[in-house]
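Hydrogens, waters and symmetry mates are skipped; everything else that's a heavy atom, side chains included, is used. To find a chain, count down the sequence lines: A is the first, B the second, and so on, and within it residues start at 1. Just so it is clear, the model here is predicted, and its values are computed rather than measured.
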Amino acid sequence: MLSTNFVLLTAFAYVIVLFLLAFISDSMSRRGKDTLLRSPLIYTLSISVYCTSWTFYGAVGSAARNGLEFATIYLGPTLVFIGWWFLLRKLVRIGHEHRITSIADLISSRFGKSTTLAVLVTCIAVIGTTPYIALQLKAVTTSFEVVSNATQTGILGVTLGEDTRAGFWVAVAMAVFTILFGTRNLDANEHNPGVVAAIAFEALVKLLAIISVGLFVVFGIAGGIDQVFEYVPAETLLQHSDNFGTRWINLLFLSGIAIICLPRQFQITVVENSNEKHLRTASWAFPLYLFLMSLFVLPIAIVGLAVLPAGSNPDMFVLTLPMWADQEALALLAFIGGFSSATSMVIVASIALSVMISNHIVVPLALRLPWVQLDESGDIKQLLLISRRISIGLILLFGYLYFSFSARSDALASIGLIAFVGVAQFSPALIGGIFWRNAAARGAVAGLSVGFILWMYTLFLPSLAIDGGYLSSFVAHGPWGLKWLRPQALFGLEGLDPLTHATFWCLELNTIVFVVVSMWTKQSPLEKLQSALFVDVFRNKRHSGAQILQRRAATKDLFRLTQRILGPKETHKLFAELTGGTIALNDLPPPDPRFIDHVERRLTGNIGAATARALVSQVATGESISLDEIISLVDETQQVVEYSQRLEQQSNQLKLTAEKLRKANLKLQELDSQKDEFLSQVSHEVRTPMTSIRSFAEILQNTDELSPEQQQRFVKIIHEESLRLTRLLDEILEISRLEQSQLGINLQKIDPEPVIDRAIDSCRGLAQTSNVDLTSGHREQSLFVQSDGDRLHQVIINLITNAVKYNTSNDPVVRIESFIRDEHFEILISDNGPGISDADRVFDKFSRGRSEYPAGTVGTGLGLAISRQLIINMNGNLDLVDTDMNGAQFRITLPLAKH
Amino acid sequence: MVAETSGRAGLLLCMGALCLLPPIALVFDKPINVFGIPLVVLYVFGTWLTLIVLAKVLSDRFQDSDPPQAQ
C-alpha cells in the first residue's frame, strides 16, 4: 500500500533529479564538454518525446478496445524514419541552412517570409497543443490518485476527477523547469542541452518502466508469452473486424504526418538537431525504441482485461496490474514512467510553442505598437526572453485550466488523435513547400484556413460535446437542423468513423485548396527565391540567395538593429567576423547585399524569418530582386547544363593531366634505359682493360721461363692498362659531377684568343709527331667572353687532339678559326679526316663517332661528352657543323661578355 | 554509391508501407496461432523488426558513402 505522501515524495524526488540532470548538462555544455550530449544516441532518445503519457497509458487502453490498432501510432513514424533520406534529411538540412526556429518559421520562411502564415500556424499549433498538455496533466493526476489509493476504486483505475491539485503542481514544476532550462538561448542553432538531456533521461525511464511492467505481466502473471494468448479476451480483441481497415490506414497515415508536424517533434527532430548525421542513427534506432515501447502493450491489455474486475479502466492497466498483484515497487515505477512521459511532452511542447508565440506574435506586435519604444541595446532580446517565459507560464496555465474544466468529462480522452489531425493540417504546406516549386503563400494560407476550420468543425467541436448539452444535439442533427451540415457526417458522408471522416475532409480540402490557389496565383519575387532555395536545398550553393536580393543599408543602422536583438557582446562578435576585425562603424563602407543577408540570417535564428526580414527591411532600402538571377537559380535545365559543362571541363582537365603524366612517364622510361645503357657501357669499358690486366698478370704468375724483356713488356702493358682504367674512372666521375653541376666552373670575363693560342701550342708536339699540319685561319681580336680559361683550354685541346689523332688523310690538316656572329663568339676546329659517321650520337657517352680508327688510338669515349658538358656549363654550346667538305668541323659557341 | 543506396532506401520504404497496409496485411489476418502466438501479431511485429534491421543495414551503407554535410 503506497501512501499519498510517499508517492508525492517520489514524484518530487524525480523532478529534483530532472533539475539536477539539466543543470549538470547545461554547465557541462558551457564548458564545452558536450560530446555525449551531442551524440546520435541522445538525439534518438530525445525524439521519443513522441511517446507521451497518452501513449504510455493510452496505448494499452487502445489495445484493450481495438486490438492491434494501437500499433499504427508507432508504425507511421517507423515508416517516416526508415524513409529519412527523402523527407527528414531535407527538413533538417533546410533547418540548418535557414536557421529555422519552429515549424511556423519554416512554413512562413518558405512562403516569402510571410507573417500571416507564421501567425496562422502558431495559432493552430497552440489550439491543437493546449488540450494535449491538459491531457498530460490529467494523466498525471489520474495515475497519482490511482497509485496512492489502493482501495477497490483504485484498482479499477477510475477516479472522481475532483482533485486537480496534482495536475496543478506538475504544471507549476514543469513551468519552472522549462523557463529555467528551455529559455537560456535565443538562437535556434544554440541548443538547450539541459532540456535535451532531461528528455533523453525520461525516455529511458519510460522505456524501463513499460518493459518492467510488461515482463512482470507476461512472466509473473500469465506465465509465458503463449499463455497470454490463451486468455479469453485475446481472441475477441485480435479478430477485431476492423483490422487493416480504413481506420488502420488513416491512423498509419496520421501518425506518420504527426511525427513531422507536431510542434514538439519538429522542435526536437529539426531545431535541436546538431548534426545531420545523427538522423542516420535515428533512422533505425528510433523505430527500435518504438518497437520496444509497444512490444508488451498487447499482453498487458489482454491480461488486464482477463484478471482485473469488470469495469476497470483499461487506460490505467499499466498501473493497476502491478497494484492488483501487490507489486508496489513496480506500480511506483510504472507511475514514474507515466509521469516522465507526461513531463517530457509538456516541457518540449511548451518550449516549441513559446518560441512560436514570442517570434511570430509578440515581437511583430510590439514593433507595430506606437507606444512601445524599443531603442535600447538588447531590448528586443529582453522582450523575447520575457515573452517566452510568460508564454510558457500561460501555455501551462491554459493547459491546466482546460484540464480542470473538463476533468469530469471524457473530452480529453480522444484529444491525442484530435491533435494529430489538427497538426496534420500543416502537412500540405510543409511537404508541398519543400518539394513543389510553385507552391504559393496564398495557397498555403487558404489551404491551412480551410483545413483548420473544418478540423474545428468536424473534430474539435464534437469532442467538447457533453451528453444532453446543446453541442451534442448540434452534432447529432446539424446546425439549424440542417442534416448535411452535421459535423460528423458532413455533406452526408456517413459510414466512416468520426476520425477518418474528419481527416478525409480536412486534409483533402486543405490540399485541394492549397494546390488550386497556388496554381492560380503568381509568386512574389521573394517567394520565388525562397522556393528555389528550399526545394533545391541540396543543389544550390550555400547562401546563393545573397546575390539575388539587392539592397542597401547604413552599417550604423544595421549595427544598432543587431544590437537590439543580439545584445552588444554578440553583435560585436558578429560584426568583427563580417568586417574582418574592424568595428569602427564610421569608417566602414556601406555593407554589400551579402553582408546584409548574413546579418538577417543570424537574426532569423533568434526571432524567426518573417520578423527578421521585417526588421532588416526597416533599415535596408532600395530592395530589388534580380529576376534573371532567380530564373537562373530556378531553371533546372540551366543547372543541368552547367553541371554537365563542369563535368566536361573536369574531364578535359583529367585528359590533360593524363597526357602530361604519359609524357613524364615516357621521359622517365627513356632516362631509365639511358641509365641502363650507361651502366652496361661502363662495365664494358672497364672490362676490356681489366681482362688484359688479368691475363698478363696470370701469364706472369704461371709461366716460369719468361725472359726479363718479356716480363718487362707485360708489366708495362699492365701499367698502361691500369692508367687507362684510372683515366676512364676519373672521366666518368668528372662527367657525372659536371652533369650535376658540382664541378666548379669559374666564369670570368676573359679574352679567349690567347687561350686558343695556348691550346694550339700545346698540341704542336703531337701534330708534329703525327705529321699533321696544324694551321690557324681567320682569327678575331680584342674581345671578351664569359668563360673559364682553364676549362676552355682543356676543351680545345681535346678537340684538336681528336682531330689530329683520327686524321687518316694522306695530307692531314687541322685548322682552327674564330669568328663573331650574332653577338656570339665561335671557335671552329676542322680537319680533313674521314669525318663522323654518326653525327647524332657523337656527343653521347662512350660513343666513338669516327668512321675509322687508326691502330692504338682507342680513347675512353667520354672526351666529347665532357667537353660539351663543360661548354654548356659556361652557357655556351659545342656542336658538329654540317659542311660540304670532307672531314669534321666542331664549333664552340660562347656568349660575348658585355663591355 | 549514394544513389544506389538511396534507391534501396526508397524500395524499403515502399515495401514497408505495402506490407503494413491492406490487402497484403489482410492475408495474415487469420485465426491461426504459431507457437501459441496469433499469426497477425507475429506478422505485424515481425515485419516491424525486419524493417528496423534493414534500415540499420542501409544506414551503415549511407555511412560508408558519407552523404554531404550541412555544417
**Message:** Under the side-chain contact (heavy atoms from CB on, under 4.5 Å) test against B:Trp48, which residue among A:Leu295, A:Leu288, A:Leu75 passes?
**Reply:** A:Leu75

**Complete:** chain A shares the most heavy-atom pairs under 4.5 Å, among B:Ala17, B:Cys14, B:Pro38, with B:Pro38

**Request:** Could you grab the distance from atom CZ of B:Arg61 to atom CZ of A:Arg280, nearest 0.5 Å is fine?
**Result:** 14.0 Å

**Message:** With rounding to the nearest 0.5 angstrom, report the CD1 to CH2 distance, B:Ile52 to A:Trp284.
**Reply:** 9.5 Å

[X] versus chain B, heavy atoms under 4.5 Å apart: side chain, backbone, both or neither?
| X | result |
| --- | --- |
| A:Ser283 | both |
| A:Tyr74 | both |
| A:Ser294 | both |
| A:Phe86 | side chain |

**Message:** Using the rule given for side-chain contact (heavy atoms from CB on, under 4.5 Å), can you reason through B:Leu58 versus A:Trp85, listing the C-alpha separation, both sets of side-chain angles and the distance that settles it, and then say yes or no?
**Reply:** CA-CA 10 Å; B:Leu58 278 181; A:Trp85 184 257; over 6 Å; no

Measuring only between side-chain heavy atoms, which start at C-beta, is [X] closer than 4.5 Å to [Y]?
| X | Y | result |
| --- | --- | --- |
| A:Leu68 | B:Phe45 | yes |
| B:Phe35 | A:Ile225 | no |
| A:Leu79 | B:Leu51 | yes |
| A:Thr281 | B:Ser59 | no |
| A:Phe291 | B:Leu49 | yes |
| A:Phe244 | B:Val40 | yes |

**Closest non-hydrogen atom pair, A:Trp248 against B:Leu21** = CD1-CD2, 4.4 Å

